[in-house]
Number of protein chains: 2
Amino acid sequence: LKNTNIMNQEIAELIIGHEKVAHVQAANPLDHALLILIKSGYTAVPVLDTHYRVQGQISKAQVLDTILGTERIEMDKLHEHTVESVMSEKVPKMNVDDNFGKALTLSINHPFVCIEDDEGAFVGLITRRAILVMVHREFQS
Amino acid sequence: LKNTNIMNQEIAELIIGHEKVAHVQAANPLDHALLILIKSGYTAVPVLDTHYRVQGQISKAQVLDTILGTERIEMDKLHEHTVESVMSEKVPKMNVDDNFGKALTLSINHPFVCIEDDEGAFVGLITRRAILVMVHREFQS
Ligand SMILES: Nc1ncnc2c1ncn2[C@@H]1O[C@@H]2COP(=O)(O)O[C@H]3[C@@H](O)[C@H](n4cnc5c(N)ncnc54)O[C@@H]3COP(=O)(O)O[C@H]2[C@H]1O
Ligand SMILES: Nc1ncnc2c1ncn2[C@@H]1O[C@@H]2COP(=O)(O)O[C@H]3[C@@H](O)[C@H](n4cnc5c(N)ncnc54)O[C@@H]3COP(=O)(O)O[C@H]2[C@H]1O
């Protein structure tokens, strides 16, 4: 690894590439989003627009909160709402050239961080797990 | 902090005490567990028995998976199942006297780690967030 101080290290090797990231589109209906969330097993996934830019993130809790009011969950009501209408826009983002220190700081309050290139296109994500693996390696040596 | 090497440091100051931890009992019905999970906002919480020992953990996904087969989610079906019948027994545990290195290693694959005393009673939990805050402080100095 190129740099003695871990905070300045590059993040490229920590990134899960966009082709391996479960995600949904902002304009998708909620029943589609719930299906992706259940099938992937992830608590929350990134929301992209049609130009592959990160718009936010959505979790199972957000999808279910919109319809849990009634006695039973009406699956057909899910189809009437869009991801955009319930997603959270507060998703951490950083640039592919930012350093490990920035990824570590953002991961304190977020289970994953979205990575963008210079044009703002989605490159992939860095998880707390990847940060912790790197930290563990650093402390071991 | 008592020790120069972070891996040997004590974990006491990182623990969220049991009185602040949302949890459920193994014998509780699932509708009660879903209520605790939704109200607390947490993805997963520890499952304890009547002697305050950790039996496992349960997530919203596990509760919903048991009833999502049908066209609509029948809330009354939730009452017929217990937490014990769907919870995951694979929950990381460590002793209150174990060091930071052990907490870091366990947090790589688990969002939280349950802390027990010498008699096996639940003391509280350590989250990935608390580990990352400590790591960030160490790298800053
Ligand atoms: N299929 C699986 N196999 C093995 N371990 C699994 C797993 N699913 C979850 N885990 C473990 O559980 C942790 C929490 O997952 P969660 O889905 O709540 O939270 C995840 C999820 O919301 C998101 N995420 C991770 N990988 C993703 C991917 N390929 N696509 C979309 N979102 C992803 O990032 C969060 C943090 O991920 P991280 O790996 O740090 O932490 C993961 C990982 O340690
Ligand atoms: N009310 C809130 N206020 C501020 N930030 C919040 C929050 N709820 C969640 N977060 C943030 O989201 C992260 C993931 O929460 P999650 O509920 O998936 O996953 C949580 C949850 O399953 C469990 N957990 C945390 N605190 C708990 C508590 N007091 N009782 C029971 N379980 C808890 O440990 C996991 C990891 O927690 P961690 O703090 O590392 O990581 C948290 C924290 O950074």
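Labels below follow one simple rule: chain letters A, B, ... track the order of the sequence lines, proteins then strands, and each chain is numbered from 1.
Considering only heavy atoms from C-beta on, His136(B) comes within 4.5 Å of Met7(A) through its side chain. Under the 4.5 Å side-chain criterion, counting only non-hydrogen atoms from C-beta, Leu64(A) is in contact with Leu64(B). Taking the side chain as every heavy atom from C-beta outward, Arg128(A) and Arg128(B) approach each other to under 4.5 Å.
Placement of Met87(A) and Ile36(A) within a single hydrophobic cluster is found when ILVMFWY residues are connected by side-chain heavy-atom separations under 4.5 Å, directly or transitively. Both Met134(A) and Leu104(B) belong to a common hydrophobic cluster when Ile, Leu, Val, Met, Phe, Trp and Tyr are linked at side-chain heavy-atom distances under 4.5 angstrom. Transitive grouping of hydrophobic side chains (ILVMFWY, heavy atoms separated by less than 4.5 Å) keeps Phe112(B) and Leu37(B) in distinct clusters. Both Tyr42(A) and Val47(A) are assigned to one and the same hydrophobic cluster, defined by single-linkage of ILVMFWY side chains at heavy-atom distances under 4.5 Å. Placement of Leu48(B) and Leu35(B) in two distinct hydrophobic clusters is found when ILVMFWY residues are connected by side-chain heavy-atom separations under 4.5 Å, directly or transitively.
Only the side chain of Phe100(B) comes within less than 4.5 Å of a heavy atom in chain A; its backbone stays farther off. Both the backbone and the side chain of Thr105(A) come within less than 4.5 Å of a heavy atom of chain B. Only the side chain of Thr43(B) comes within contact range of chain A, judged by heavy atoms closer than 4.5 Å. Interface remark: Ile131(B) contributes side-chain atoms only to the contact with chain A (heavy atom separation under 4.5 Å).
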Compile the donor-acceptor pairs under 3.5 Å between side chains in residues 113-124 of chain B and protein atoms, sequence neighbours left out, one pair per line.
residue: Asp117(B); atom: OD1; partner: Glu119(B); partner atom: N; Å: 2.9
residue: Asp117(B); atom: OD1; partner: Gly120(B); partner atom: N; Å: 3.0
residue: Asp117(B); atom: OD1; partner: Ala121(B); partner atom: N; Å: 2.9
residue: Asp118(B); atom: OD1; partner: Asn95(B); partner atom: ND2; Å: 2.9

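Applying a 4.5 Å heavy-atom cutoff, none of the residues of residues 17-27 of chain A approach chain B.
One finds the CG atom of Leu132(B) at 5.0 Å from the CG atom of Leu132(A) (value rounded to the nearest 0.5 Å). The CD1 atom of Ile6(B) sits 4.0 Å away from atom CZ of Phe139(A), with the distance rounded to the nearest 0.5 Å. Rounding to the nearest 0.5 angstrom, the gap separating the CG atom in Asn109(A) from the CZ atom in Arg129(B) is 4.5 Å.
Within a 6.0 Å sphere centred on CD of Glu89(B), other residues, nucleotides and ligands contribute 12 heavy atoms or fewer.
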